[in-house]
Colleague: 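Sharing a structure with you now.
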Amino acid sequence: MSLNRRHFINLTSLGVAGFSIKGFANTSSNKSIKPIVISTWDAGLNANKGAWAVLGNGGSALDAVEKGVMVTEDEKNCCVGLGANPDRDGFVTLDASIMDHEFNCGSVGFLERIKHPISVARKVMENTPHVMLVGEGAQQFALSQGFTLESGEMSDDAKAAYKQWLKKSTYKPIINVERKGSTAQLDAKYIAPHKLDTGEWNHDTIGMVALDAHGNLSGSCTTSGAGFKLRGRLGDSPIIGAGLYVDNEVGAVVATGQGEDVIRVAGASAVVEQMRQGKSPQEACQFVVERIRRIKKEKANDIQVCFIALNKDGAYGSYALHKGFNYAVQTNEGAKLVESPFIY
Ligand code: ASP
């Protein structure tokens, strides 16, 4: 039994009340379920508040994970949404995905000038026979669903960062790409979430997973991808099974970090499968992070990859390749930021 689960049970047996929802039960085991939401990085603290406004009132995990990450998408000059860093051509392009407890899922990629990609992803899930829409088609679909076309102007922070990037724009051949006729050459250092002088990791994503009082799991993920990426690049976040996966019998997992390396191992799905084999959320995340380290060999020094996982019983955990990843947790007992365990 995990520590988290034990903690919940102890509190229950002590009669610690707190949560006011009555009458909900996990249909599979009839245990009483305490809602919980967890999300990546410290921006998750605010995002979780948005999710908790839904979960704490008996709402569904699906509504919670949409509303939660919308808070971050709304933040100006943030790492996510239209305020985020652009691609190397100066355009902000957004990816997002959402998945519920019944394997329904939707995603958008390379979406421009739409404020809430997570809500477009949900509309893809609910109002189309498809799972994924990208680019112009995704934008057209968003407009048809009543979303507004925003100006496309960069936020002040993004403008400053882009100006700075254009100044340097040295080409480092980790990925051997050179664009003829472009003044902005590729600096591969900016393709990956990279280590800042402060020792922290630059990141551009919020991922969230939640369990509601009905015992149902859902997850969401929204991002501007990697800052100064090649135009057209998609990361793991809009790819169901890579950046996000939910199996209501087992658990929900979301990834952040170098998307290419999460895609390579079908990361979120791989973590869920490890939980299915009996691993705790943290052990399952660690197993897949270690697999990525083995694949990348010494190149694992240059990238960050992190997973957070929540299982059907409300136990949660995480693992990161490098130090510096944290995630936010919200239950009826309050909010906290947790430093993730890591390899390096
Ligand atoms: N996983 C995201 C991507 O590769 C980036 C991030 O998490 O910061 O697009």
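When a ligand or atom number is given, it counts from 1 through the structure's own listing order.
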Colleague: For a quick test of your reading: what N or O donor-acceptor pairs under 3.5 Å do the side chains of residues 139-146 make, sequence neighbours left out?
Modeller:
| from | atom 1 | to | atom 2 | distance (Å) |
| --- | --- | --- | --- | --- |
| Q139 | NE2 | E112 | O | 2.7 |
| S144 | OG | F141 | O | 2.6 |
| Q145 | OE1 | N127 | ND2 | 2.8 |

Colleague: Take the angle between the ring planes of F228 and Y162 and call it parallel below 30°, perpendicular above 60°, tilted in between.
Modeller: parallel
Colleague: Is the centre of the Y327 ring less than 6.0 Å from the centre of the W41 ring?
Modeller: no
Colleague: Give every donor-acceptor pair under 3.5 Å between a side-chain atom in residues 90-111 and any protein atom, sequence neighbours left out.
Modeller:
| from | atom 1 | to | atom 2 | distance (Å) |
| --- | --- | --- | --- | --- |
| T93 | OG1 | K229 | NZ | 2.8 |
| D95 | OD1 | F110 | N | 2.9 |
| S97 | OG | S237 | O | 2.7 |
| D100 | OD1 | E102 | N | 2.8 |
| D100 | OD1 | F103 | N | 3.4 |
| D100 | OD1 | N104 | N | 3.0 |
| D100 | OD1 | N104 | ND2 | 3.4 |
| D100 | OD2 | N104 | ND2 | 2.9 |
| S107 | OG | P238 | O | 2.8 |

Colleague: May I ask you to check if ligand 1 and T256 share an N or O to N or O distance below 3.5 Å?
Modeller: yes
Colleague: Between ligand 1 and D236, is the shortest N or O to N or O distance under 3.5 Å?
Modeller: yes
Colleague: Quick check, are the ring centers of Y344 and H322 under 6.0 angstrom apart?
Modeller: yes
Colleague: Please state which part of R233 comes within less than 4.0 Å of ligand 1, counting heavy atoms only: side chain, backbone, both or neither.
Modeller: side chain
Colleague: Closer than 4.0 Å to some heavy atom of G225 - which atoms of ligand 1 meet that?
Modeller: 9 (O)
Colleague: Is G257 in polar range of ligand 1, meaning some N or O pair under 3.5 Å apart?
Modeller: yes
Colleague: Any N/O of D95 closer than 3.5 Å to an N/O of ligand 1?
Modeller: no
